[in-house]
Amino acid sequence: METVVRMGEASASGTAGDTLACIGLGSCIGLALVDRGTGVAALAHVMLPDAGQPDPPQPHRFADLAVPALIDLALATGARRTRLEAALVGGAAMFQFGGSGQDIGQRNTTAVARLVEASRIPIRATETGGNKGRTVRVTLGADISITVREAGGREQQLLGGWTGTDAKVVFA
Amino acid sequence: MTAFTDMQLDALRELANIGSGNAGTALSSMLGKSVDISVPTAAALPLAEAVAVAGAPGELRYGVVVPVVGDFEAIVLLLFPEPDARTLCGIYGIEPSTPDGHSMLGEVGNILGTNYINVLSQMVDMVMEPAPPQVVEDMLGSILSSVLLGRGDGIDEALVLDSELIVESEQCSLSFLLLPSHGGIKQLLERLGL
């Protein structure tokens with residue numbers, strides 16, 4: 001089953017064959033946390049670097065709240081803290097508006113990366129910056145696969161060696 | 001947590017009706033073809049919903065962004081499905097993905113945006129001016145989320161005034177979205193006494 005993680009949402013799974021996806025990331029960040037040992041993955045669609053308030057609705061919108069919340073979600077789904085690895089996708093600058101929204105993609109990337117590193121989770125792959133939108137897909141299975149696709153481009157492997165369906169055949 | 005009453009949304013829908021009528025007339029005289037306009041919608045939506053009403057987030061669109069500056073700050077966003085952009089540019093013998101194509105789509109955004117906001121500006125007596133258009137080819141979700149977040153405005157809800165313009169003889173349609181900033185819309189409603 002494919003779960004589409006929309007802006008400000010997060011989702012996790014430990015079921016082989018499931019897919020988690022952020023479709024059409026622009027300046028937002030798709031943050032994936034995976035435990036390749038237990039086959040658990042969690043994905044958040046982060047919109048802004050900083051909530052600026054203690055308890056907002058939809059905390060996954062903000063990097064400062066999304067990173068700890070996503071770690072908790074991954075652990076609650078069965079991941080082990082010491083085996084978590086991260087991948088970051090998105091953070092593009094598609095427009096130049098000026099004002100306080102300037103470089104929002106870059107600021108999102110920096111904030112998420114800093115918080116993930118501060119949580120001692122290694123970042124295994126990043127596909128950030130530039131001026132094109134991206135879609136990230138995390139496919140669960142014996143080998144968790146993360147792919148990224150730019151608008152109008154081809155699917156590229158970011159983490160894991162197999163595409164989802166092949167992996168299951170290989171390990172069947 | 002919707003910040004707008006039904007009466008306010010009705011008034012905004014009526015403004016969108018007049019604005020898009022004006023924009024449609026401009027497009028029609030530019031192309032020399034008749035242009036039909038759908039009944040506009042006005043809704044205050046959480047950002048994820050605002051993307052969903054425009055279509056599937058992974059669909060490719062040509063997006064033309066025209067920032068509106070002055071007393072009333074907003075963003076005009078035109079969204080063309082790829083075949084429709086091709087049809088429209090084809091009237092002038094241009095490929096949409098080329099620099100000329102982007103320039104042509106930017107000009108359409110300029111003309112439609114200017115005609116839409118001019119009539120709004122007159123009705124509510126607020127200064128509104130278009131800034132130069134920016135044209136991208138990308139996924140719908142990427143375009144709309146970057147526009148809504150990139151202006152550094154409130155992010156709980158976005159007010160979306162959505163009209164559909166259809167060039168009848170060419171089977172070509174485009175979405176015209178007006179995305180007012182929160183400060184701008186508050187002032188505009190005050191001018192209308194709502």
Side-chain angles (χ1 to χ4, degrees), chain A residues 2 4-10 21-30 45-53 56-63 89-108 130-137 148-153 155, chain B residues 1 45-69 73-77 79 82 85 96-97 106 109 131-158 179 181-183:
Chain A
E2 174 159 294
V4 175
V5 181
R6 303 192 308 171
M7 274 199 282
E9 296 177 349
C22 290
I23 297 171
L25 293 162
S27 58
C28 296
I29 300 283
H45 190 151
V46 181
M47 294 157 64
L48 290 173
D50 186 11
Q53 50 173 316
Q58 280 192 288
H60 284 285
R61 291 186 294 176
F62 309 103
V89 174
M94 297 171 60
F95 303 102
Q96 283 81 46
F97 289 129
S100 62
Q102 190 75 336
D103 294 334
I104 191 78
Q106 179 58 49
R107 288 195 286 129
N108 279 340
N131 59 9
K132 297 297 279 180
R134 299 177 176 91
T135 288
V136 60
R137 277 199 169 78
V148 62
R149 193 170 64 80
E150 281 193 358
E155 198 108 26
Chain B
M1 70 146 294
L45 302 164
L47 260 51
E49 305 290 334
V51 173
V53 294
E59 284 176 11
L60 284 179
R61 290 284 188 275
Y62 283 86
V64 183
V65 172
V66 186
V68 178
V69 296
E73 293 197 346
I75 286 173
V76 166
L77 174 61
L79 293 169
E82 208 276 337
S97 60
Q134 299 177 40
V135 180
V136 295
E137 293 171 62
D138 216 301
M139 287 181 273
L140 176 61
S142 307
I143 296 172
L144 205 42
S145 64
S146 294
V147 166
L148 290 170
L149 294 171
R151 59 183 175 169
D153 199 21
I155 63 148
D156 287 330
E157 253 186 3
L179 308 163
S181 75
H182 290 246

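The sequence lines fix the lettering, A, B, ..., with proteins before strands; numbering per chain opens at 1.
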Per-residue contact mode, B/Val147 against chain A (heavy atom under 4.5 angstrom): both
Side-chain donor or acceptor of B/Ser142 paired with backbone N/O of A/Gly24 under 3.5 Å: yes
So B/Ile143 and A/Met94, do their side chains get closer than 4.5 Å, heavy atoms only? yes
Does any backbone or side-chain atom of B/Leu60 lie under 4.5 Å from a heavy atom of chain A? Answer side chain, backbone, both or neither. side chain
Is it true that a side-chain atom of A/Asn108 and a backbone atom of A/Met47 form a donor plus acceptor pair closer than 3.5 Å? yes
Among A/Gln58, A/Arg61, A/His60, find the one that has a side-chain contact (heavy atoms from CB on, under 4.5 Å) with A/Glu9. A/Gln58
Chain A interface, residue from B/Gly141, B/Pro67, B/Ala48 that has the most non-hydrogen pairs under 4.5 Å: B/Ala48
Heavy-atom cut-off 4.5 Å, strictly under: side chain, backbone, both or neither for B/Ala52 against chain A? side chain
